[in-house]
Amino acid sequence: MPELPEVETIARGVNDRVKGDLITEAWFGSHSEPFKTPPAQQTDGLEGRRIVAVHRTGKHLVCELGPPSGAPLPNHGSALKDALNTPLDASQDLPAAQWIVHLGMTGRLLVTFPSNPVAAHTHARLRLASGRELRFVDPRRFGRLEFRDLAHTAAFAAAGADPLTIGKDEFASLFRGRRLAIKAALLNQELLTGVGNIYADESLFHAGIRPRTMAGRLTRPRLEKLRLALCEVLEHSIRLGGSSVSDYVDADGVRGFYQLEHCVYLRTGQPCRCCHSPIRRILVAGRGTHYCPSCQR
DNA sequence: CATTTCACCTGGTGGC
DNA sequence: TGCCACCAGGTGAAAT
């Protein structure tokens with residue numbers, strides 16, 4: 001289940017490998033679910049565009065694309081860097097389109113080569129001028145692919161705030177007056193983007209907060225403790241390449257290691273790493289939720 | 001309007 | 001061994 005650290009890891013890996021590359025050919029599968037923009041429209045939009053950069057916004061991967069074909073090829077290093085750093089007046093250097101990838105539950109964005117065997121449930125293949133191929137694979141098809149032409153559409157923007165950059169006051173105000181469990185609030189992407197089941201459970205453990213605690217009843221010091229725990233957990237996980245609990249892999253197909261650091265997630269019945277009480281599993285907002293009955297009050 | 005529930009999918013699990 | 005009911009969870013639509 002790709003959440004913020006997994007998506008950040010993939011974004012960095014994909015960016016390192018395809019930044020500056022040219023999309024020569026786009027192929028899409030026939031299942032309708034993954035396409036927020038119709039496949040034909042994505043093909044038309046993507047072919048002939050250069051990938052300026054790939055980054056993460058919440059749980060979304062955003063590929064910033066240059067103008068359609070014919071754009072002069074900058075020599076990879078300096079000219080591209082200039083294009084990224086140039087202020088708003090040089091409009092032809094601005095990203096002219098975006099390809100937005102949401103991985104859902106089981107999605108993968110992989111950088112391989114056309115000769116490599118195509119995995120089952122591959123829904124998109126982008127051939128690149130370098131000889132590489134960018135592939136989107138998603139067995140459950142909860143993921144989404146969207147193309148935005150910035151000449152006609154606004155740039156992608158997340159509804160919620162990024163937990164890594166949000167300040168103390170803004171964080172506290174997100175939960176004021178809310179009459180739902182703090183766990184449910186953490187999962188709400190309109191409040192915070194990027195937090196899913198793993199990091200909600202882990203951050204609540206590190207903050208010593210019960211998942212069912214009413215969000216609006218938490219004191220400011222406890223909310224600040226939660227914000228800091230969330231930052232630490234997310235940053236630590238990014239350093240370890242994310243959590244591989246089911247089938248998550250990065251852009252190169254490599255697993256992460258943060259699952260080894262989990263204190264509560266999927267540790268039902270196992271002793272708490274802190275006090276040795278058995279970890280409990282309950283249902284909150286319809287989702288499996290793990291916590292330590294003694295460390296979290 | 002805020003909150004809760006459910007459907008969307010497939011692969012993995014466990015019962016028989 | 002094989003078949004099948006059941007569950008997982010991110011998101012958005014529908015229900016409360």
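From a predicted model like this one, the values you see are computed outputs, not experimental measurements. So you know, we letter chains A, B, ... as the sequences are listed, proteins then strands, and number each from 1.
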**Asked** Where each pair must be Watson-Crick or G-U wobble with both distances under 3.5 Å, what dot-bracket representation of DNA chain B is obtained, with crossing pairs in [ ] and other-strand partners as |?
**Response** .|||||||.|||||||
**Message:** Rounding to an integer number of angstrom, what distance separates dG9(C) and dG14(B) when you compare their P atoms?
**Reply:**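 Nearest-Å result for dG9(C) against dG14(B) at atom P: 15 Å.
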**Request:** Could you work out the separation of dC9(B) and dA14(C) based on their P atoms and round it to a whole Å?
**Result:**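 Those two atoms are separated by 15 Å.
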For [N] and [X] - does any side-chain N or O of the residue sit under 4.0 Å from the phosphate oxygens OP1/OP2?
X	N	value
H31(A)	dC9(B)	no
R141(A)	dC8(B)	no
Y199(A)	dG9(C)	no

Counting the atoms with a prime plus P, OP1 and OP2 as sugar-phosphate, which does [X] contact under 4.0 Å by heavy atoms, base, sugar-phosphate, or nothing?
X	result
F175(A)	nothing
R144(A)	nothing
G288(A)	sugar-phosphate

Inspect the contact between [Y] and [X] and indicate whether a charged nitrogen and a carboxylate oxygen are less than 4.0 angstrom apart.
X	Y	result
E224(A)	K168(A)	no
R127(A)	D21(A)	no
R267(A)	D201(A)	no
E146(A)	R144(A)	no

Interatomic distance where [atom1] belongs to [X] and [atom2] belongs to [N] [whole Å]:
X	N	atom1	atom2	answer
R140(A)	dG10(C)	CZ	C1'	11 Å
L103(A)	dC9(B)	CG	C1'	16 Å
K36(A)	dC8(B)	NZ	C1'	15 Å
F142(A)	dC6(B)	CZ	P	16 Å
M214(A)	dA2(B)	CE	P	16 Å
R176(A)	dA2(B)	CZ	P	15 Å
D138(A)	dG9(C)	CG	C1'	12 Å
F35(A)	dC9(B)	CZ	P	14 Å

**Message:** Counting only side-chain heavy atoms from C-beta out, which of dT3(B), dG10(C), dG11(B) sits nearest to P139(A)?
**Reply:**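 Comparing dT3(B), dG10(C), dG11(B) against the side chain of P139(A), the answer is dG11(B).
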**Prompt:** Nearest to the side chain of R179(A), which nucleotide is it out of dG9(C), dT3(B), dG11(B)?
**Reply:**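 Of dG9(C), dT3(B), dG11(B), dT3(B) is nearest to the side chain of R179(A).
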**Prompt:** What orientation do H123(A) and H121(A) show, parallel under 30°, tilted 30 to 60°, or perpendicular over 60°?
**Reply:**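 Tilted: the ring planes of H123(A) and H121(A) meet at 30° to 60°.
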**Item:** R217(A) atom CZ, over 12 foreign heavy atoms within 6.0 Å
**Value:**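 Check fails, neighbour count at 12 or below.
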**Prompt:** Has R210(A) got more than 12 heavy atoms of other residues, nucleotides or ligands less than 6.0 Å from its CZ?
**Reply:**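 Yes, enclosed.
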**Complete:** Per-nt protein contacts along nucleotides 2-7 of chain C (heavy atom under 4.0 Å; B base, S backbone sugar-phosphate only, - none) come out as ------
**Request:** Could you note down all residue pairs passing ring-ring contact (aromatic ring centres under 6.0 Å, His included) where residues 173-195 of chain A supplies at least one of them, sequence neighbours left out?
**Result:**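 Those involving residues 173-195 of chain A are F171(A)-F175(A).
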**Message:** Do L4(A) and V195(A) make a side-chain contact, defined as non-hydrogen atoms from C-beta onward lying under 4.5 Å apart?
**Reply:**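 No; the side chains remain at least 4.5 Å from each other.
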**Prompt:** Rounded to the nearest 0.5 Å, how far apart are CG of L266(A) and CZ of R281(A)?
**Reply:**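 Output value for this atom pair is 8.5 Å.
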